[in-house]
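Structure record follows, encoded as structure tokens.
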Amino acid sequence: MAISFPDGFLWGTATAAHQVEGGNWNNDWWMWEHDPTSPCVEPSGDTVDHWHRYPEDIKLLADLGFNTYRFSVEGSRVEPKRNEWSPAALDHYRRVCAECLDNGIQPIVTYHHFTTPRWVTNHGGWEEPSTADLFARYAERVTGALGDLTQWACTFNEPNIVATMGYLAGVFPPGRRDSALRRAVNDILIDAHHKAVHAIRSGPGTQNIGLTLAMSDWQAVDGGESRRDRIRLNMEDVYLEAAQGDDFIGVQTYSRTRVGPDGTMGPEGDTPTTQMGYEVWPEALEATIRYATEKTGGVPVLVTENGIGTSDDEQRVDYVRRALRGVRSCLDDGIDIRGYTYWSALDNFEWALGYRPTFGLIAVDRETFVRTPKPSAAWLGQIATSNFMED
Ligand code: GCO
């Protein structure tokens with residue numbers, strides 16, 4: 001049986017500047033990677049040298065059949081010091097957008113994907129309310145340079161992860177563990193999002209503007225409902241509410257999380273797990289698309305990330321197939337889904353876990369930088385080209 005997708009459906013892959021470009025030494029993550037007290041297993045270094053090799057990568061993605069590519073702009077390159085803007089860096093990202101368009105690919109630009117310039121961190125980072133205004137200025141600059149070439153803008157990638165991992169769990173910079181502070185950071189990030197939406201809308205081009213959210217299929221177990229709802233409130237609900245009125249909501253889903261009366265529980269019984277330790281649970285995508293739609297009051301969905309860290313490429317195909325069935329079932333119920341971007345285009349730097357997890361459709365030799373597409377790349381590219389999935 002073949003499953004079809006709507007005309008004009010966006011099919012793509014995603015990356016983030018710090019995870020693929022290499023040499024992003026002027027941001028908080030680079031400092032964190034080199035801090036012996038952080039949980040990082042290794043530094044990012046050159047990553048996969050996408051900074052220089054983006055033409056080859058974009059061409060490869062186009063040849064595979066994709067019609068969109070989501071990437072992020074590195075703020076520490078664009079504004080390396082307060083009020084010192086880099087026209088060369090902006091020009092670089094303009095060339096990336098142009099390269100996409102020349103290859104028949106719609107760029108989806110993320111303005112902030114986890115990394116924050118060092119000078120912003122010194123200014124107080126995301127605990128400092130005025131950082132929201134600095135971010136709006138930055139959004140205005142980036143839009144001034146790229147707006148006429150782009151139609152899709154994500155202000156923040158997973159602000160809920162920035163707040164939760166950085167200010168509650170302490171595993172992302174700045175390594176804090178303070179639940180009141182985490183809620184304050186949520187508010188500042190939401191303020192920054194709204195200000196950036198306004199700045200992007202005021203600039204050149206016509207953008208679909210939204211934020212992307214790390215979502216999970218939060219499942220209550222043994223009476224864990226109220227605990228589950230409390231966790232989800234500060235993790236997802238406050239952001240979904242803030243996204244009402246946006247042009248889209250970026251759904252990013254990898255697995256489910258079970259919650260009992262005492263809190264989150266690990267994987268169940270013999271459910272297989274991924275390199276990240278998550279349960280292999282691709283059905284979570286359908287559940288989270290439905291939840292995002294309900295909580296935003298029907299804001300259109302773009303699946304901005306979904307994927308699996310695995311060394312078994314057949315398992316990757318199976319995972320995506322099951323996830324796409326869920327997308328189809330949401331479409332059947334009239335939910336407005338604009339596209340699907342797989343995380344990730346390339347094997348890359350997975351934050352504190354370094355280069356161990358392999359999410360990519362394309363493997364990279366980190367000595368020679370040679371790219372080798374995996375069978376899953378051709379499989380998903382074929383779906384992208386035909387807008388059909390054989391199931
Ligand atoms: C995120 C980020 C990506 C990750 C991916 C795999 O969702 O956390 O957008 O940078 O690499 O999710 O964990």
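We count ligands from 1, going down the list as the structure has it; atoms in each ligand are counted the same way.
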Going by the atom numbers of ligand 1, which of them fall below 4.0 Å from some non-hydrogen atom of [X]?
X: N157; answer: 2 (C), 9 (O)
X: W343; answer: 3 (C), 4 (C), 5 (C), 6 (C), 10 (O), 11 (O)
X: F359; answer: 6 (C), 13 (O)
X: Q252; answer: 7 (O), 9 (O)
X: M276; answer: 13 (O)

Do any N or O atoms from the side chain of D347 and from the backbone of G360 form a donor-acceptor pair under 3.5 angstrom?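 At least one qualifying donor-acceptor pair exists.
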For the pair Q207 (side chain) and I209 (backbone), establish whether a donor and an acceptor sit closer than 3.5 Å, ignoring hydrogens and angles.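 No; judged by distance alone, with no hydrogens or angles, the pair does not exist.
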Nearest to atom 9 (O) of ligand 1, what protein heavy atom do you find, and at what distance?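 Scanning the protein heavy atoms, the shortest distance from atom 9 (O) of ligand 1 goes to E305 OE2, 2.5 Å.
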Can you tell me which residue and heavy atom of the protein come closest to atom 4 (C) of ligand 1, and the distance to 0.1 Å?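 So the nearest neighbour among protein heavy atoms is E350 OE1, 3.6 Å.
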Assess the residue pair R258 and T264 against the criterion (side-chain hydrogen bond (donor to acceptor under 3.5 Å, both in side chains)); give the C-alpha distance rounded to whole Å, side-chain angles, the decisive distance to 0.1 Å, and a yes or no. CA-CA 6 Å; R258 301 182 318 129; T264 55; over 6 Å; no
Please determine whether a side-chain nitrogen of the Lys or Arg among D133 and K195 lies less than 4.0 Å from a carboxylate oxygen of the Asp or Glu.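 Answer for the salt bridge query: yes.
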Please report whether ligand 1 has a polar contact with E158, defined as an N or O pair separated by less than 3.5 Å (distance criterion only).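 Between E158 and ligand 1, an N or O pair is found under 3.5 Å apart.
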Given H113, Q19, R70, which has its nearest heavy atom closest to atom 2 (C) of ligand 1?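 Closest candidate by heavy-atom distance is H113.
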Separation of D57 CG from T15 OG1 (nearest 0.5 Å):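 Result: 8.5 Å between the selected atoms.
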Answer with yes or no whether the hydrophobic clustering places Y111 together with Y93; edges join I, L, V, M, F, W, Y residues whose side-chain heavy atoms lie under 4.5 Å apart.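 The answer is yes; both residues are in one hydrophobic cluster.
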Against the six-membered ring of Y278, is R256 placed for a cation-pi contact (under 6.0 Å from the centre, within 45° of the normal)?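 Here R256 fails the 6.0 Å and 45° test against Y278.
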